[in-house]
2 protein chains.
Amino acid sequence: MGAPLISKDEVLNRLTRVFRENGYGATLSQLSQNTGLQRASLYHYFPGGKEEMATAVVERSNAVLEREIIAPLHGTGSPSERLRAMMRSVDRYFAGGTESCLLGSLTHTPGTHRFESHIKAGFTAWIDAIASVLTEAGLTRRTARVRAQNAVFAIEGALLVCHGIGDTKPFRRMLRELPEQMTAVELSAA
Amino acid sequence: MGAPLISKDEVLNRLTRVFRENGYGATLSQLSQNTGLQRASLYHYFPGGKEEMATAVVERSNAVLEREIIAPLHGTGSPSERLRAMMRSVDRYFAGGTESCLLGSLTHTPGTHRFESHIKAGFTAWIDAIASVLTEAGLTRRTARVRAQNAVFAIEGALLVCHGIGDTKPFRRMLRELPEQMTAVELSAA
DNA sequence: GTCTATACACCGATAGAC
DNA sequence: GTCTATCGGTGTATAGAC
């Protein structure tokens with residue numbers, strides 16, 4: 001013993017999986033089993049215990065959100081192409097609706113006041129990036145902001161409800177339909 | 001001692017509050033504190049322990065959903081009036097976005113496989129009732145179903161995200177805007 | 001860097017007095 | 001119908017050997 005069994009990055013990957021499924025209610029036993037490390041070894045990597053593990057996970061997760069989901073919004077192509085690219089990333093990130101959102105899981109779990117700022121930062125960055133693209137697409141600032149919020153609500157709600165009813169199809173349908181709805185021209189008093 | 005301090009219905013009210021906030025992660029200490037009853041007294045009402053408490057709470061909660069939120073959809077008035085009535089009920093039920101959804105909280109909490117059927121039943125009944133009204137409003141069955149799903153996704157997602165970012169205003173905005181969006185005429189290839 | 005062993009609090013649940 | 005007292009199990013966290 002003494003030689004590291006897996007890299008710290010791989011440890012974080014596995015911790016993330018557990019926190020995504022269980023929120024802050026994840027237990028050290030689960031985290032230990034899923035990493036293959038004993039509890040005491042986890043404390044070697046994270047002396048601050050579960051709180052430090054969750055903090056590391058949510059910070060890295062927000063970085064992934066930035067890189068995998070937000071960055072495509074600032075890429076090349078038309079606004080609606082970039083929105084479709086984001087939806088593909090979202091579909092991949094949530095494994096077609098089978099995997100949960102870490103921020104959502106943490107929001108629901110008790111004892112997560114310590115992560116409030118991370119949760120808020122993640123959701124806000126996502127909404128802001130979408131709003132920026134929609135502004136670029138010609139929508140007013142206010143409409144862009146409203147539709148960006150609605151899009152994130154739709155994704156998070158679909159994820160939750162589809163998990164609850166045990167059917168991921170409506171989640172994927174939603175992802176397909178969203179870009180067109182978001183960029184549609186406004187109807188004044190239909 | 002011996003005389004009941006509060007009615008069983010009031011016990012259920014208080015248990016519901018705790019389960020809504022904490023999901024199945026609610027502890028007997030919390031349930032005891034919020035009811036004013038000692039743990040052992042809770043076992044008098046619910047010999048099956050926490051599982052029986054949660055079952056009673058979710059079953060009653062689904063009955064409330066049926067009575068307070070679904071029933072207005074089958075009332076009098078035009079379809080869009082009934083949708084607006086439902087949104088008012090939803091706003092009241094979630095206290096303007098400050099209170100959580102029991103079904104949502106249970107969905108996210110570990111150890112809730114026992115409530116899967118209740119969760120699915122609640123969400124499904126809600127979606128079906130909305131779809132029925134939208135069909136009545138002249139939408140095709142398929143469009144009605146899709147928009148009903150989207151409406152519940154939007155409500156649940158807004159509830160979650162608004163809780164995460166600590167601002168309930170987008171939730172209430174969403175409730176105001178939803179009825180018009182749901183009943184709008186379809187645009188073919190905008 | 002990994003492990004075994006352990007400390008101590010809280011968990012859900014039960015026994016039994018009044 | 002309420003309570004105090006207590007059980008066994010598991011929770012997070014730590015000590016210390018190798």
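Chain letters run A, B, ... following the sequence lines, proteins first, then strands; residues in each count from 1.
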Q | Integer-rounded Å distance: dG1(C) C1' and Leu37(A) CG | A | 9 Å
Q | side chain to side chain donor-acceptor pair (under 3.5 Å) partners for Lys169(B), two or more places apart | A | Asp167(B)
Q: Using the rule that two of Ile, Leu, Val, Met, Phe, Trp, Tyr join whenever any of their side-chain heavy atoms come within less than 4.5 Å, decide whether Leu160(A) and Leu178(B) are in one cluster.
A: no
Q: Would you kindly give the CD1-to-C1' distance between Ile6(A) and dT2(C), to the nearest whole Å?
A: 12 Å
Q: Determine: side-chain N/O of His44(B) to OP1/OP2 of dT2(D), distance under 4.0 Å, yes or no.
A: no
Q: Send over the distance from Gln38(B) CD to dT4(D) P, rounded to a whole Å.
A: 5 Å
Q: Round to the nearest Å and state the distance from Leu31(A) atom CG to dT10(D) atom P.
A: 17 Å
So which protein nitrogen or oxygen atoms get under 3.5 Å of nucleotides 7-11 of chain C's nitrogens or oxygens?
{"from": "dC11(C)", "atom 1": "OP2", "to": "Ser29(B)", "atom 2": "OG", "distance (Å)": "2.8"}

(Q) Heavy-atom count check: over 12 atoms from other residues, nucleotides or ligands less than 6.0 Å from Arg172(A) CZ? (A) no
Q: Using whole Å, report how far CD of Glu52(B) lies from P of dA13(C).
A: 10 Å
Q) Would you say Ser41(A) reaches dG1(C)'s phosphate, i.e. side-chain N/O to OP1/OP2 under 4.0 Å? A) no
Q: Select one nucleotide: of dT4(D), dT2(D), dT12(D), the one nearest the side-chain heavy atoms of Ala40(B).
A: dT4(D)
Q. Looking at Glu177(A) and Arg173(A), does any basic side-chain N land under 4.0 Å from a carboxylate oxygen?
A. yes
Q) Are any of the side-chain heavy atoms of Pro110(B) and Tyr24(B) separated by less than 4.5 Å? A) no
Q: Find the distance Tyr43(B):OH to dT14(C):P and express it as a whole number of Å.
A: 6 Å
(Q) With a 4.0 Å limit, can you tell me whether Tyr45(A) has a side-chain N or O closer than that to the phosphate oxygens OP1/OP2 of dT2(C)? (A) yes
Q. Expressed in angstrom and rounded to an integer, what is the separation of Leu42(A) atom CG from dC3(C) atom C1'?
A. 12 Å
Q. What side-chain hydrogen bond (donor to acceptor under 3.5 Å, both in side chains) pairs are there with at least one residue in residues 134-143 of chain B, not counting sequence neighbours?
A. Arg82(B)-Glu136(B), Thr140(B)-Thr143(B), Thr143(B)-Glu186(B)
Q: Flag the pair Arg14(A) and Glu10(A) as a salt bridge only when some basic side-chain nitrogen lies within less than 4.0 angstrom of an acidic carboxylate oxygen.
A: yes
Q) Could you state the CZ-C1' distance from Phe46(A) to dA13(D), rounded to the nearest angstrom? A) 16 Å
